[in-house]
Amino acid sequence: MKILLVEDDRRAGEYLAKGLTELGHSVEQAFDGESGLAAAATGAHDILILDRMLPQLDGLEVVRRLRTTGSTLPILILSALDEVDERIQGLRAGGDDYLVKPYHLAELVARLDALARRRADLGPVAKLTVFDLELDTRARKVTRAGRKIDLTTREFQLLEFLMRHTGQVVTRSMILEGVWDYHFDPKTNVIDVHISRLRQAIDKGHERQLLHTVRGAGYTLTEDP
Amino acid sequence: MVAILSGVYLATARLLASESDQLITLEAQSLKADFHDHDPDTFISAIADRAEDPWVRGAVYELRGPRGDFLAGNVVILPDLVVQHDGWVEFQVALTHGDETAARQIRAQIFDLGDGFKLLVGHDIQDRQAFRAVMLQSIGWAVGAALLFGLFAGWWLGRRIARAARGISNNAAHITEGTLSERLPLTGSGDEIDGLVSRFNELLTRIESLTSTMRTVLDSTAHDLRGHLNRIRGAAQAAQHIASEPAMRAACDTVLLEIDRLGTTLQGLLRIALAQSGTAPLEEVDLSRLVAEIVEFYQPAAESHALTISIQPHLTVRGHRQLLTQALANLLDNAIKYAPTAPITVQLIGTDSKAIVTVADGGPGIPVEQRQLATQRFGRLPGSSGLPGSGLGLSLVAAVARLHHADLDMSDAMPGLKITLSIPLIATQAINAKR
């Protein structure tokens, strides 16, 4: 992935760029809003990581200007401000995702991955399929190997979220935000309980397990063992 | 005013009385002189003339001889009075004037002329009394009218002040619940109420600038601390990546874990500060739905608890969705954590003006004397050190309650802890309910 990283905190930017390069991505860096916007406008990148508060041109302003040029470049906003109200502003301005510092590299990578792939299969898909698991969003129906599976509304939403990110790692906070629109850290392992319930529903009695735990990161729904 | 009018009345009445008394006295004195200057027969006929003079209206005379015999006059009320009295008398007598005969009130003086002769000289004071009555009546009307006017003016003024005060109070409530940038409208009359309003507006300006300063401090502190943590985390992660020795890797793990804890604590503190700063934007929130969703979210984690849920639908409050959710999440977290396997009850009911959320658990509860401590920052209770938590959970709940002008109450669920959050309902809801 060709990543444009606009971050005025050079130390933090350096660590992040290094981490991403080691994961096989190519990273171009900019250190202020003006040059960041100019670099993004070239259209040479797959994704933009943008700090919320930048010298010269504020991060939100970069997003706004970029969007007015018609750019659909996926944007992940990094912020040291509390996400409660700021994230709404960031997303409203045209950002695609919002991550608060300090972040785990794994969390950031998972979100980048999700953003980059979302571009590939844009548009509402009526039917999602992973191996022999099928989910029909319009009929609100789930089948595994042709057999109907009964799910609650929330379980259905959770499964749909996982299936839309099939083959990717989704973190607990991504699930919390994507399925419940919650932005706090539940101190109990409640997400894990929701996942294990869903796993019971879709994987129990089947030879091939589809819902996997990724240690230290989150979960993934994939047909690859 | 009543006192002034009474004064006027008394003065006028006295003036009238003394004037007619003076006239009588003067006439009596001149008659006395006449009696001495003339022989009795001439005097008697002079009195008779006077008494019958049709031009003299309202004057009465009566002359009695030494043996009490009637000699002249136009009234006969003596001898008793004349014989016994000396000085002023008042009596009623029928007087004929022209064709009319009417009972009149007379005030008269009786005096000795000498040689046993007694003379009564009097004056009709009926007119004077009528005047007095008219005056009394006029004063009565004046006092009544003044009283009525005063009452009306008082009522009107009171209403005007009450209305102005109510306006100020409503607007002030609106502002404190909403955006601090709003100001109370001035009427432009320049009166005391306008003065009060502009003082109030000055206060609002000060509060607004203070809260915006606080928000700026909050944001820059958050930005600064998070920036540092982020750099430390980046460095620790980079170190972990290249660490070859197991001890070094373990040290890096510890550093990363502690940074994450610090990040969580910082976030908790910042959210409390955000809620307390009052700058968090509020919107219309369907509390019934919010409570139902957060309970549903926690339900799988509460499988070992008997969970009783009762939620009254369609209760709307002005609130901060994320902060309210987190406050409720903290309450449920606590219930699950502190009361393992004990039953949990979640209830939402609406009263006339409040939505009342209750979370009760059957756990050990919090002793009365420690309840205050529980809502303080880092106020961890004795015996809770083995359990995970930053000690910020209930203080966030308390801060969120304040942000929502809600009452937070802790009581005994017998056994266990019962936390009640009473949040004001949106006013339009009451209107809708009335329709």
Side-chain angles (χ1 to χ4, degrees), chain A residues 7-19 22-23 51-53 78-89 99-108 152-155 158 175-177 179-198 200 216, chain B residues 218-239 241 256 259-260 262-264 266-268 270-271 273-275 279-281 293-294 296-303 320-323 325-327 329-330 332-334 336-337 387-390 393 396:
Chain A
E7 165 70 279
D8 65 318
D9 185 335
R10 287 184 187 246
R11 265 288 169 70
E14 197 184 298
Y15 290 129
L16 180 55
K18 196 156 174 280
E22 277 168 7
L23 288 166
D51 188 52
R52 166 70 181 78
M53 280 162 101
L78 290 182
S79 177
L81 296 171
D82 193 280
E83 79 276 31
V84 167
D85 298 312
E86 287 289 332
R87 89 179 317 264
I88 297 167
Q89 286 185 32
L99 189 60
V100 177
K101 296 175 180 179
Y103 47 80
H104 286 217
L105 188 61
E107 179 77 47
L108 183 132
T152 65
T153 308
R154 212 47 102 164
E155 283 168 345
L158 176 57
I175 292 172
L176 204 58
E177 288 169 20
V179 180
W180 278 274
D181 189 30
Y182 286 167
H183 303 275
F184 62 92
D185 177 21
K187 283 145 209 125
T188 37
N189 62 341
V190 57
I191 289 286
D192 302 324
V193 182
H194 278 285
I195 289 286
S196 73
R197 279 193 166 192
L198 185 62
Q200 283 273 316
Chain B
L218 193 66
D219 282 349
S220 55
T221 309
H223 188 254
D224 194 50
L225 290 176
R226 284 212 168 101
H228 285 302
L229 275 182
N230 196 40
R231 282 190 291 278
I232 298 169
R233 199 175 204 292
Q237 201 148 28
H241 197 67
L256 286 171
I259 290 166
D260 290 345
L262 206 56
T264 307
L266 179 63
Q267 170 160 310
L270 288 170
R271 288 206 175 164
L274 172 75
T279 57
E293 282 179 1
I294 192 74
E296 184 231 70
F297 176 71
Y298 272 99
Q299 210 159 11
E303 263 185 336
H320 192 286
R321 198 182 299 276
Q322 295 298 339
L323 288 173
T325 303
Q326 192 170 356
N330 287 3
L332 290 166
D333 253 346
N334 279 351
I336 292 169
K337 193 166 68 184
L387 294 161
S390 53
L396 180 99

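Every chain is numbered from 1 and lettered A, B, ... according to where its sequence line falls, protein lines coming before strand lines.
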- Query: What heavy-atom pair brings Gln267(B) and His183(A) nearest, and what distance separates the two atoms?
  - Reply: NE2-O, 4.4 Å
- Atom group of Ala302(B) that falls short of 4.5 Å from chain A, counting heavy atoms: neither
- Aromatic ring pairing Phe297(B)/Tyr182(A), orientation class (parallel under 30°, perpendicular over 60°, tilted between): perpendicular
- By a 4.5 Å heavy-atom criterion (distance strictly below it), what part of His228(B) contacts chain A: side chain, backbone, both, or neither? neither
- Using a cut-off of under 4.5 Å for heavy-atom pairs, which of Ala222(B), Gly263(B), Ala235(B), Pro281(B) has the most such pairs with chain A? Ala235(B)
- Query: What is the minimum heavy-atom distance between Tyr15(A) and Arg231(B), and which atoms define it?
  - Reply: CE1-O, 3.5 Å
- For residues Arg154(A) and Gln299(B), determine if any side-chain heavy atom of one lies less than 4.5 Å from a side-chain heavy atom of the other. no
- Message: To check you understand the geometry: which heavy-atom pair defines the closest contact between Glu296(B) and His194(A), and what is its length?
- Response: O-CE1, 4.1 Å
- Item | Nearest heavy atoms of Gln322(B) and Asp181(A), plus distance in Å | NE2-O, 3.1 Å
- Message: Looking at every heavy atom in both Arg226(B) and Leu81(A), which two are closest together, and how far apart are they?
- Response: NH1-C, 3.5 Å
- Which region of Asp192(A), side chain (C-beta onward) or backbone (N, CA, C, O), has a non-hydrogen atom less than 4.5 Å from a non-hydrogen atom of chain B, or is it both or neither? neither
- Query: Does the pair His104(A) and Arg233(B) meet the rule for a side chain to side chain contact (heavy atoms under 4.5 Å, CB included), with working shown?
  - Reply: CA-CA 8 Å; His104(A) 286 217; Arg233(B) 199 175 204 292; 3.1 Å; yes
- Item | Side chain / backbone / both / neither for Glu293(B) at chain A, heavy atoms under 4.5 Å | both
- Task: Examine whether an atom of Asp260(B) lies under 4.5 Å from a heavy atom of chain A, and if so say whether it belongs to the side chain, the backbone or both; otherwise answer neither.
- Result: side chain
- Considering only heavy atoms, which portion of Glu14(A) lies under 4.5 Å from any heavy atom of chain B: side chain, backbone, both, or neither? neither
- chain B contact via Leu176(A) - side chain, backbone, both or neither, heavy atoms under 4.5 Å: side chain
- Pro102(A): which of Leu225(B), Leu256(B), Leu229(B) passes side chain to side chain contact (heavy atoms under 4.5 Å, CB included): Leu229(B)
- Return the option, out of Ile336(B), Thr325(B), Ile232(B), Asn330(B), with the maximum number of heavy-atom pairs under 4.5 Å with chain A. Thr325(B)
- Item | Minimum-distance pair of heavy atoms, taken over all atoms of Val193(A) and Ala301(B) | CG1-N, 4.2 Å
